[in-house]
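Contents: one structure, followed by commentary.
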Amino acid sequence: MNSRQRHPLKLPKIPIRVSEAHGSSPMEPTPQEPFSSHSPTYQALLRAGPRLRPLHQVHARILVSGLHCSLSLLTKLLTFACTAGAIDYTRRLLFSVPNPDSFLFGSLIRSASKSHLSTDAIFFYHRMLSARLKPSNYTFTSVIKACADLSALTVGRIIHSHVLVNGFGLDCFVQTALVVFYAKCGDWYSARKLFDRIPDRSVVAWNAMIAGYEQNGLAEEAIKLFHRMQAEGVEPDSATLVSLLSACSHVCALGLGQWVDTFIVDKGMDVNVVLGTSLINMYARCGHVQKAREVFDGFQERNVVAWTAMISGYGMNGYGNQAVELFHRMKTEGPLPNDVTFVAVLSACAHFGLVSEGREVFKSMKRDYGLAPRVEHHVCMVDMFGRAGLLDEAVRFIRDWIPGEPGPEVWTAMLGACKMHKDFDLGVEVAERLLAIEPENPAHYVLLSNLYALAGMTDRVEKIRQVMIHRGLKKNTGFSSVEINHVAHVFRNGDTSHPQTVEIRQYLEQLIYRIREAGYVPETDSVLHELEGEEREFALRFHSEKLAVAFGLMSTSNKTLIRIVKNLRICGDCHLAIKFMSVVADREIIVRDKHRFHHFKKGLCSCQDYW
DNA sequence: ATCATCCGTT
């Protein structure tokens with residue numbers, strides 16, 4: 001079967017003789033030279049690279065010169081064809097190979113998985129097993145990566161068992177690939193179990209696990225693991241820092257983010273585009289826009305991603321005009337904006353009531369840049385008109401500009417606008433369309449319920465609650481986190497799990513007493529309609545963002561800026577309460593919610609109560 | 001002869 005290994009010299013000799021007979025090239029090697037990479041056909045193949053037409057020509061040459069049995073040539077040809085994305089050609093080629101060996105399959109699987117032809121990689125793996133060839137550790141890393149890209153948990157688990165059967169369970173490359181695979185499939189628990197069993201953990205293994213936590217929304221775990229990596233003396237590289245900065249952005253860990261920045265400078269690390277963009281993003285998402293801009297300005301190779309990150313950073317932090325201004329600068333002196341850039345700009349226009357600007361940007365998208373608007377852009381436009389109170393125009397936009405049936409995202413934006421401007425009739429109509437499309441999404445019921453509550457229709461509110469219970473739909477639980485001394489503390493609504501719960505609640509009660517004296521009246525009308533009067537107020541009192549603010553204030557000295565991150569949108573009552581808190585405690589408080597930043601300072605918020 | 005990790009919008 002594996003003739004090349006048993007008779008290593010036999011096959012290479014044949015092609016040389018054959019090509020000599022044809023006298024194909026004056027550069028043909030002399031017979032005493034080994035075949036290997038000096039063969040002119042092989043050289044031609046290397047020159048062709050992953051380009052289809054030159055490959056066809058070399059293929060013809062291989063056939064004519066009788067080299068069609070040379071597995072090394074065919075392997076190279078196959079991998080190039082695969083990298084070129086010509087999957088049908090690759091498959092036909094594979095069928096024409098008389099006795100493909102392990103190495104050929106291994107290379108092919110690797111090319112396929114690297115070229116994002118993941119299903120083909122798995123198909124080739126299957127063919128390899130059918131041919132009774134043994135996969136190597138090299139094969140496994142590639143096919144597992146393919147499973148990871150597809151999040152194919154079941155197939156991946158089977159291949160994991162093949163790994164064990166074939167004795168590669170302790171190969172660190174394979175183990176790292178498996179960690180990535182389980183993490184990408186959302187099974188970070190299995191990923192961690194595997195990670196803990198890797199005997200010699202390389203930087204890449206650490207990076208895989210840290211990135212795995214981060215991608216699964218476990219930013220705190222990512223940060224904890226980074227600290228352990230430090231403790232074990234493993235030197236982080238740029239990939240580690242990229243994931244770490246992303247984790248910092250998620251939990252607003254500015255302290256740690258700044259540490260990363262100085263670390264990069266101290267070590268004289270090369271700041272590539274990815275790392276530079278992560279830094280910009282970290283500063284922007286921690287509410288430090290000026291610093292983000294400094295990094296952006298000092299950064300040489302700014303690509304679309306870096307510009308987009310900076311524009312959206314301005315938008316999120318309440319600087320709508322700067323977002324638009326930077327976008328105009330980008331058009332004259334920066335790279336070409338892409339569709340994501342337009343989402344960032346349009347979103348900034350929507351949030352800051354820049355209606356005519358937004359309209360013009362939307363038009364220019366297709367006209368000047370040939371970019372077709374996607375759902376995200378439609379949502380921004382509906383949001384923009386809706387927030388500005390132009391509900392008719394929002395409806396017209398949906399009717400005239402959105403091809404086909406609008407998706408749930410568009411109706412959600414429309415419903416939000418109806419709620420904001422208290423257009424009850426339109427809101428109910430929109431909500432019904434929404435529920436018809438996505439009857440299982442609890443968020444829609446909550447919005448509709450809020451709408452009924454605003455209209456004072458408590459019987460309908462109750463009815464919706466019954467439907468939700470009946471269908472087993474639960475509201476998304478909110479959480480907020482605050483960073484104190486480089487440690488993120490997470491709070492849920494009504495949370496009592498924090499070791500200092502008693503003190504936090506006492507502090508919060510006092511704080512609420514003080515803001516009530518300053519004129520705060522709880523906004524109880526938009527929440528938990530099943531509760532009455534005082535109960536409602538009590539339910540609001542321990543919202544996660546209030547707990548986080550209280551803990552932040554009591555744990556830090558005067559004048560320290562408090563940064564909170566919340567996974568959902570901040571509620572109206574908390575928004576009002578924190579405005580008062582910023583006065584009575586004389587502190588700046590920044591809350592980053594699902595969509596944007598709220599910089600609370602002296603009783604005002606950067607969002608201008610418009611979010 | 002080869003191998004695993006990292007970025008932007010809603």
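If you take CZ of A:F597 and P of B:dT9, they are 11 Å apart, rounded to a whole angstrom. Across the protein-nucleic acid pair, A:I109 atom CD1 and B:dA1 atom P stand 20 Å apart, rounded to whole Å. The distance between atom CD1 of A:I311 and atom P of B:dG8, rounded to the nearest whole Å, is 15 Å. Nucleotide B:dG8 holds its P atom 6 Å from the CG atom of A:N281, rounded to whole Å. Across the protein-nucleic acid pair, A:Y283 atom OH and B:dG8 atom P stand 17 Å apart, rounded to whole Å.
Of the candidates B:dA4, B:dC6, B:dC3, the closest approach to any side-chain atom of A:Y138 belongs to B:dC3. Each of B:dG8, B:dC7, B:dA4 was ranked by its minimum atom distance to the side chain of A:V204; first place goes to B:dA4. Side-chain proximity of A:D237 to B:dT5, B:dC6, B:dT9: nearest is B:dT5. With distances taken from any side-chain atom of A:S278 to the nucleotides B:dG8, B:dC7, B:dT2, the minimum falls on B:dC7.
Contact annotation: A:Q215 side-chain N/O to B:dT5 OP1/OP2 distance is not under 4.0 Å.
In this structure, the side chain to side chain contact (heavy atoms under 4.5 Å, CB included) partners of A:A292, at least two apart in sequence or on a different chain, are A:I280, A:Y283, A:A284, A:M310. For A:H288, there are no side-chain hydrogen bond (donor to acceptor under 3.5 Å, both in side chains) partners two or more places apart in sequence or in a different chain. With sequence neighbours excluded, the residues satisfying salt bridge (Lys or Arg N to Asp or Glu O under 4.0 Å) with A:E376 are A:R374. Remark: A:F226 pairs with A:W259 by the ring pair (Phe, Tyr, Trp, His ring centres under 6.0 Å) rule, at least two apart or across chains.
Relative to the ring axis of A:F296, A:R302 places its NZ or CZ within 45° and under 6.0 Å from the centre.
Residue pairs meeting the salt bridge (Lys or Arg N to Asp or Glu O under 4.0 Å) criterion with at least one partner in residues 156-178 of chain A, sequence neighbours excluded, are A:R157-A:D187.
Contacts between residues 187-201 of chain A and DNA chain B, defined by a heavy-atom separation under 4.0 Å, are absent.
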